[in-house]
Amino acid sequence: MLTYIQARQTITALSRLFGTEIINLAGADNRVLAQAVSADRDYPPFNRATMDGYAINIADWENGTRQFTVQQIIYAGQAEQADLQAAHCYKIMTGAPVPPSANAVIRREDAEALNILVSFNVTTIKPYQNIARQGEDIKSGQSILTANTLCTPAVVSLLATLGQNNITVKSLPKVALFTTGNEVVDASAAILPNQIRNSNQYLLCSLLKKWLIKPQVCRHIADDKAQLNAALAEVLNFDMVISCGGVSAGDADYLPEVLEGLGVKKLFHKLSIRPGKPIWCGQLPNGGLVFALPGNPFSCMVTFKLFIEAYLSVCFGLGMPPVLQLPFNGKRKRSSSFDEFFPVAISGQPSAISPIAINTSGDIRLGLNAGALAFHPADTDELQPGDMVNCLLL
Ligand SMILES: Nc1nc2c(c(=O)[nH]1)N[C@H]1C(S)=C(S)[C@@H](COP(=O)(O)OP(=O)(O)OC[C@H]3O[C@@H](n4cnc5c(N)ncnc54)[C@H](O)[C@@H]3O)O[C@H]1N2
Ligand code: MOO
């Protein structure tokens, strides 16, 4: 049996680009850039007043001028009508361009104005004080964003600043999602005592939504070889196929057999992890991947986080999802010989993690309100208070 680390290496080695597309900036949130972007002009684009006040030519001050005449009021977005005359100043607003004939701004709070005459309650004035100089942040043509950048709010704002109204981003994969099992019924349907509701469909759709992915096919299939075969045969040209249930050792666990029969190349079946051991993973003839996750809800969630998220993240060029190391607030005995994963709450400043009670991997609460999934390595029998524990944010 492979470890989860080996399994992730196998999967991420098969990462691929799902294509690129041009989209409007309004839809860019959380997409990943497939292009580099450089500055279209200097930033700031002009010498910018950073305070409301008065712009003077410092030579006047140095020559002993102590009373200045307001020559023009310059608001943000405006320009000067003429260069400063000797002993004159501009009244200027934050964000307005400071004309070339001025080289210092004195704050309004430090000024005393009487009609158009102004004097300043300061002893020294430094060149370019309260002026952000043209190009001091970024020079025109300078490279600012590289491909593989995630469009966070800051990046979206930067793209707007740079006038990038249409951007080339990485396309999202075409995904098919199947839940399986005769006992599983839709969440909206009437239910019999021996049936359970299809929570995993909601779980997986919700987990995919975080990656902006909406499955193009989303279906439930009975434990029936012919029906499974027919449904899967239709999605062999997809980028990713995700299923849940029907992968362990039961008489009705047909998924591995059906997938292999359709020409999906097995990468691994069963890993030394808990929960999630029965996971099956394979490669479609077109190079895409099939993730056949176990049916137990917590196993389904853990295997999605460990394998599907790692795959998506690497496919999008974002590298492996970050792993945090946080101090453990509790004690935990390993209950198997495998690497184990358990839900934790993150709290306190500085933060620590505390285990959240979960019964088995069939526990429908899925570690309710957990902030992360913590790792209990196979080589550590017991986690002790204060131990630094790896975890993946949920
Ligand atoms: N003899 C063995 N039996 C089992 C093994 C094993 O190694 N040997 N592994 C166990 C482990 S671990 C897990 S996990 C489960 C996984 O089994 P399957 O992936 O085949 O899943 P099912 O049997 O179809 O379902 C398991 C469990 O989950 C419920 N389920 C399934 N689909 C959904 C859904 N869409 N929404 C909510 N709940 C769902 C299902 O009713 C079952 O209770 O196998 C163990 N057995
Ligand atoms: O390991 Mo299974 O994934 O516990 O229920």
Side-chain angles (χ1 to χ4, degrees), residues 1-4 7 175-189 191-208 215 217-225 227-228 231-232 241-260 264 266 268-282 290-308 332-343 356-368 370 373-378:
M1 257 189 300
L2 297 182
T3 63
Y4 78 96
V175 173
L177 173 61
F178 298 108
T179 52
T180 66
N182 293 344
E183 79 285 20
V184 178
V185 297
D186 192 78
S188 62
I191 197 142
L192 296 172
N194 54 355
Q195 293 180 321
I196 57 148
R197 297 192 178 95
N198 192 349
S199 60
N200 286 349
Q201 189 175 77
Y202 286 86
L203 172 71
L204 292 167
C205 282
S206 180
L207 287 163
L208 285 168
V217 168
C218 183
R219 286 179 57 191
H220 183 75
I221 313 171
D223 292 318
D224 177 280
K225 260 194 218 175
Q227 287 182 43
L228 286 167
L232 289 161
V241 177
I242 302 171
S243 69
C244 93
V247 286
S248 57
D251 284 350
D253 290 338
Y254 302 127
L255 254 298
E257 176 190 340
V258 168
L259 285 163
E260 284 181 61
V264 182
K266 180 174 109 173
F268 54 80
H269 187 194
K270 298 192 170 81
L271 299 174
S272 58
I273 55 171
R274 187 169 182 166
K277 176 186 158 204
I279 183 175
W280 187 98
C281 196
V290 177
F291 296 88
L293 311 181
N296 274 321
F298 189 58
S299 315
C300 191
M301 183 165 98
V302 168
T303 47
F304 186 99
K305 294 294 298 180
L306 287 179
F307 305 109
I308 297 182
R332 186 180 191 275
K333 264 201 156 85
R334 203 161 31 75
S335 54
S336 69
S337 56
F338 298 154
D339 289 311
E340 295 183 353
F341 303 89
F342 61 101
I356 289 186
I358 183 161
N359 187 18
T360 62
S361 59
D363 187 336
I364 57 160
R365 292 168 299 177
L366 299 174
L368 197 64
L373 196 61
F375 298 19
H376 190 154

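Just so you know, residue 1 is the first one in the sequence shown, and it goes up from there. Both counts, for ligands and for their atoms, begin at 1 and track the order of listing.
The shortest non-hydrogen separation linking Leu177 to Cys205 is CD2-SG, 3.7 Å. In terms of heavy atoms, Ile358 sits closest to Gly367 at CD1-N, 3.7 Å. Of all the heavy atoms in Thr3 and Leu271, the pair that sits closest is O-CD2, 4.2 Å. Considering every non-hydrogen atom in both Asn182 and Ala222, the closest pair reads OD1-CB, 3.3 Å. Nearest heavy-atom pair, Pro256 versus His269, reported as atom, atom and distance to 0.1 Å: CG-CE1, 3.8 Å. Closest approach of Ala378 and Asp339 over heavy atoms only: N-OD1, 2.7 Å.
With ligand atoms numbered from 1 in the order given, ligand 1 contributes 36 (N), 37 (C) to contacts under 4.0 Å with heavy atoms of Arg197. Proximity to Pro294 (heavy-atom distance under 4.0 Å) selects the following atoms of ligand 1: 14 (S), 16 (C), 19 (O). For ligand 1 and Thr180, the ligand atoms under 4.0 Å from any heavy atom of the residue are 32 (N). Less than 4.0 angstrom separates some heavy atom of Ser361 from each of these atoms of ligand 2: 2 (Mo), 4 (O), 5 (O). Distances below 4.0 Å separate heavy atoms of Gly246 from the following atoms of ligand 1: 18 (P), 19 (O), 20 (O), 21 (O), 22 (P), 24 (O). Heavy-atom proximity to Gly245, at under 4.0 Å, picks out these atoms of ligand 1: 19 (O), 21 (O), 24 (O). Of all the atoms in ligand 2, the ones that sit under 4.0 Å from a non-hydrogen atom of Gly276 are 1 (O), 2 (Mo), 3 (O). The Lys277 neighbourhood of ligand 1 comprises atoms 7 (O), with distances under 4.0 Å to a heavy atom of that residue. Within ligand 2, the atoms closer than 4.0 Å to a non-hydrogen atom of Asn296 are 5 (O), numbered from 1 in the order shown. Taking every non-hydrogen atom of Asp253 and a distance limit under 4.0 Å, the qualifying atoms of ligand 1 come out as 20 (O). Atoms of ligand 2 lying under 4.0 Å from at least one heavy atom of Pro275, given by number and element, are 1 (O), 3 (O), 4 (O).
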* **Check against ring pair (Phe, Tyr, Trp, His ring centres under 6.0 Å), Tyr4 and Phe338** => CA-CA 10 Å; Tyr4 78 96; Phe338 298 154; over 10 Å; no
* ring pair (Phe, Tyr, Trp, His ring centres under 6.0 Å) evaluation trace for Phe375 with Phe341 -> CA-CA 5 Å; Phe375 298 19; Phe341 303 89; 5.1 Å; yes
* side-chain contact (heavy atoms from CB on, under 4.5 Å) between Tyr202 and Asn198, worked out -> CA-CA 7 Å; Tyr202 286 86; Asn198 192 349; 5.7 Å; no
* To do: Could you walk me through whether His220 and Asp186 pass the side-chain contact (heavy atoms from CB on, under 4.5 Å) test, one step at a time?
  => CA-CA 8 Å; His220 183 75; Asp186 192 78; over 6 Å; no
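Taking distance alone, with nitrogen or oxygen atoms compared against 3.5 Å, Gly295 approaches ligand 1 more closely than that limit. Between Lys270 and ligand 1, a contact under 3.5 Å exists for no N or O pair. Checked against a 3.5 angstrom limit, the closest N/O atoms of Asn198 and ligand 1 fall inside it. Every N/O-N/O distance between Cys244 and ligand 1 stays at or above 3.5 Å. An N or O contact shorter than 3.5 Å is missing between Thr179 and ligand 1 by distance. Geometrically, ligand 2 and Arg274 share no nitrogen or oxygen pair separated by less than 3.5 Å. Not one N or O of Ser299 is nearer than 3.5 Å to an N or O of ligand 1, by distance alone. Distances between N or O atoms of Val247 and those of ligand 1 include at least one value under 3.5 Å.
Within the 4.5 Å cutoff, side-chain heavy atoms of Val217 are placed close to those of Phe178. In this structure, the side chains of Leu208 and Ile242 come closer than 4.5 Å at one or more pairs of heavy atoms. Side-chain contact between Thr303 and Ile308 is absent, with no heavy-atom pair separated by less than 4.5 Å.
Using a non-hydrogen distance threshold of 4.0 Å, His220 does not register as a contact of ligand 1. Distances shorter than 4.0 angstrom occur between a heavy atom of Ser199 and an atom of ligand 1.
No side-chain donor from either of Asn200 and Thr179 sits under 3.5 Å from a side-chain acceptor of the other.
At a heavy-atom distance under 4.0 Å, no atom of Asp223 approaches ligand 1.
The single protein non-hydrogen atom nearest to atom 8 (N) of ligand 1 is Ala249 CB, 3.9 Å, given as residue, atom name and distance. Nearest protein heavy-atom contact of atom 38 (N) of ligand 1 is Ile196 CD1, 3.2 Å. The protein heavy-atom contact nearest to atom 40 (C) of ligand 1 is Glu183 OE2, 3.0 Å. For atom 46 (N) of ligand 1, the nearest non-hydrogen atom of the protein is Ser248 OG, 3.7 Å. The closest protein non-hydrogen atom to atom 15 (C) of ligand 1 is Asn296 ND2, 3.8 Å. The protein atom (non-hydrogen) at minimum distance from atom 33 (C) of ligand 1 is Asn200 ND2, 3.3 Å.
Screening Arg334, Arg274, His376, Arg332 against Glu340 for a side-chain hydrogen bond (donor to acceptor under 3.5 Å, both in side chains) leaves a single residue, Arg332. Evaluated for a side chain to side chain contact (heavy atoms under 4.5 Å, CB included) with Trp280, the options Val264, Leu293, Leu255 yield exactly one hit, Val264.
Heavy atoms of other residues, nucleotides or ligands lying less than 6.0 angstrom from CD1 of Ile364 number 12 at most.
The residue from Pro278, Gly362, Ser361 that puts a heavy atom closest to atom 9 (N) of ligand 1 is Pro278.
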